[in-house]
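This structure is a prediction, so every number in the text was calculated from the model and none was measured. Atoms within a ligand are numbered from 1 in the order they appear, just like the ligands themselves.
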Amino acid sequence: MRQKVDRVWRNARIASLRGDGYGVVDKAALATTDGKISWLGPQAEMPDFDLSETIDLDGRWITPGLIDCHTHLVYAGNRAQEFEQRLGGATYEEISKAGGGIVSTVRATRAASKDELIRQSLPRLDHILADGVTTIEIKSGYGLDTETECRMLEAARALGQQRRVRVRTSFLGAHALPIEAGGDKDAYIEMVCTEQLPAAARAGLVDAVDVFCEGIGFSNGQTRRVFEAAKALGLPVKLHAEQLSNLNGAALVAEYGGLSADHLEFVDEAGIRAMAAAGTVAVLLPGAFYFLCDTHVPPLDLMRKHGLAMAVATDCNPGSSPLTSILLAMNMACTLFQMTPVEALAGVTRHAAKALGMTAEIGTLEAGKACDLAIWDIEHPAELSYAIGFNPLYQRIVGGQNA
Ligand code: DI6
Ligand code: FE
């Protein structure tokens, strides 16, 4: 009996991202059944399927659907005025210490209902999805109290219902110190660990736990306290590490077998070694580097030397990276960090999937994984990193369906 499949895309070129490079299959076809990839390979070798729909792609390229593995997409308001202040000479850290920065977004986010958060975040999500993104990570961290942190995560999950996209949520209660904490970071961290995080986890709103480990955020010791609480709840951890200074966060998150250490401008070789041993992914965020006019480039050569998986993400947030384009993040990773286009594409597919703990489901094109695709009007996949502000997406596919 012939195998039944739902749809076949034929006359395509495939970059499967399996193995080390693009994983190119020329004159290819890809079949989907029940939302998964059921077969892919050279069209000439395709079995005689019993199929209901065939789509001729006329030589277009298929890549895995792109993955934005680090965003703060849900928030209210914006910080354009701080941008003006920075251009007038104030630094990001000075603005933060003067009561602006993250806590100003906290004020706006606390005042917004769940519906209002969804309404304000949806245009950002749509812009990100338009670049071929099929999975997005969204963090909390602008509530800094139990109620608002949970509301943000609920809004993030609701966005995943309103659009065809997979959403992963990270709890980031330890993002900044709220005003009412009166400067007592230890007491606030205790509240994060004993109240906020357990409540959000109980409500089923947390896929992973993140911390902003930084001078203007939380110390290495305070981060460890949050990781212990995550571990007790059986939740994986990740970390904003070494963005503006080196607090040995990379080694710490590796010690907990963390999914990823993100930013890493100031990481040292010991941190990279620890990440390599633990299989912790380096998530590079060139949008924040660019927007803060940073000059301290993360040490990609050391990361390559130790074989770290390097992902790339937008870090979409109102203060340090108001960026809603993963394609532009890829371009910036190449121009600012000297990534190669194939590394950048792996960074938003295979390695981004690893940073979310989702390698079994997404990130490469192979039989058995979800049929999440980005189909492109391009002649070569390097074009995805090369163009600045041009979007060659032809079709986004999530779970085998047009999205
Ligand atoms: N690192 C960042 O770059 C952002 N958060 C973080 O932990 C900044 C977030 C903001 O300024 O609103
Ligand atoms: Fe971030």
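Shown here is Arg10, whose CZ atom has no more than 12 heavy atoms of other residues, nucleotides or ligands within 6.0 Å. Atom NE2 of His127 has 12 or fewer neighbouring heavy atoms from other residues, nucleotides or ligands inside a 6.0 Å radius.
Between His70, His175, Lys139, it is His175 that holds the heavy atom closest to atom 5 (N) of ligand 1.
Ligand-side atoms of ligand 1 in range of Asn317: 4 (C), 8 (C), 9 (C), 10 (C), 11 (O), 12 (O), range being under 4.0 angstrom from any heavy atom. Within ligand 1, counting atoms from 1 as listed, the ones closer than 4.0 Å to a heavy atom of Gln243 are 1 (N), 2 (C), 3 (O). Within ligand 1, the atoms closer than 4.0 Å to a non-hydrogen atom of Tyr142 are 9 (C), 10 (C), 12 (O), numbered from 1 in the order shown. The Tyr92 neighbourhood of ligand 1 comprises atoms 8 (C), 9 (C), 10 (C), 11 (O), with distances under 4.0 Å to a heavy atom of that residue. Listed by number with element, the atoms of ligand 1 under 4.0 angstrom from any heavy atom of His72 are 5 (N). For ligand 1, the atoms sitting less than 4.0 Å from at least one non-hydrogen atom of Ser320 are 2 (C), 3 (O), 4 (C), 8 (C), 11 (O), numbered in the order shown with element in parentheses.
Put simply, part of His263 is less than 4.0 Å from ligand 1, judged by heavy atoms. Residue contacts with ligand 1 do not include Thr105, since none of its heavy atoms lies under 4.0 Å from the ligand.
Using a 4.5 Å cut-off on side-chain heavy atoms (C-beta onward), Leu159 and Ile118 make contact.
Judged by distance alone, the side chain of Asp207 and the main-chain N or O of Thr169 form a donor-acceptor pair under 3.5 Å.
At a 4.0 Å heavy-atom cut-off, ligand 1 touches Asp315 through the side chain alone. The part of Arg79 lying near ligand 1 is the side chain, judged by heavy-atom distances below 4.0 Å.
The side-chain tip of Arg13 does not point at the ring of Tyr22 from less than 6.0 angstrom away and within 45° of straight on.
Ring orientation note: the planes of His72 and His240 are tilted relative to one another, at an angle of 30° to 60°. Between Tyr75 and Tyr142, the angle of the ring planes goes over 60°, which puts this pair in the perpendicular group of the 30/60° scheme.
Going from atom CG of Leu302 over to atom CD1 of Ile272 covers 4.5 Å, rounded to the nearest 0.5 Å.
When rounded to 10 degrees, the angle formed at the Fe ion (ligand 2) by OD1 (Asp315) and NE2 (His72) equals 90°.
Here His263 fails the criterion, with no N, O or S atom under 2.8 Å of the Fe ion (ligand 2).
Donor-acceptor pairing under 3.5 Å is lacking for the side chains of Thr146 and Glu195.
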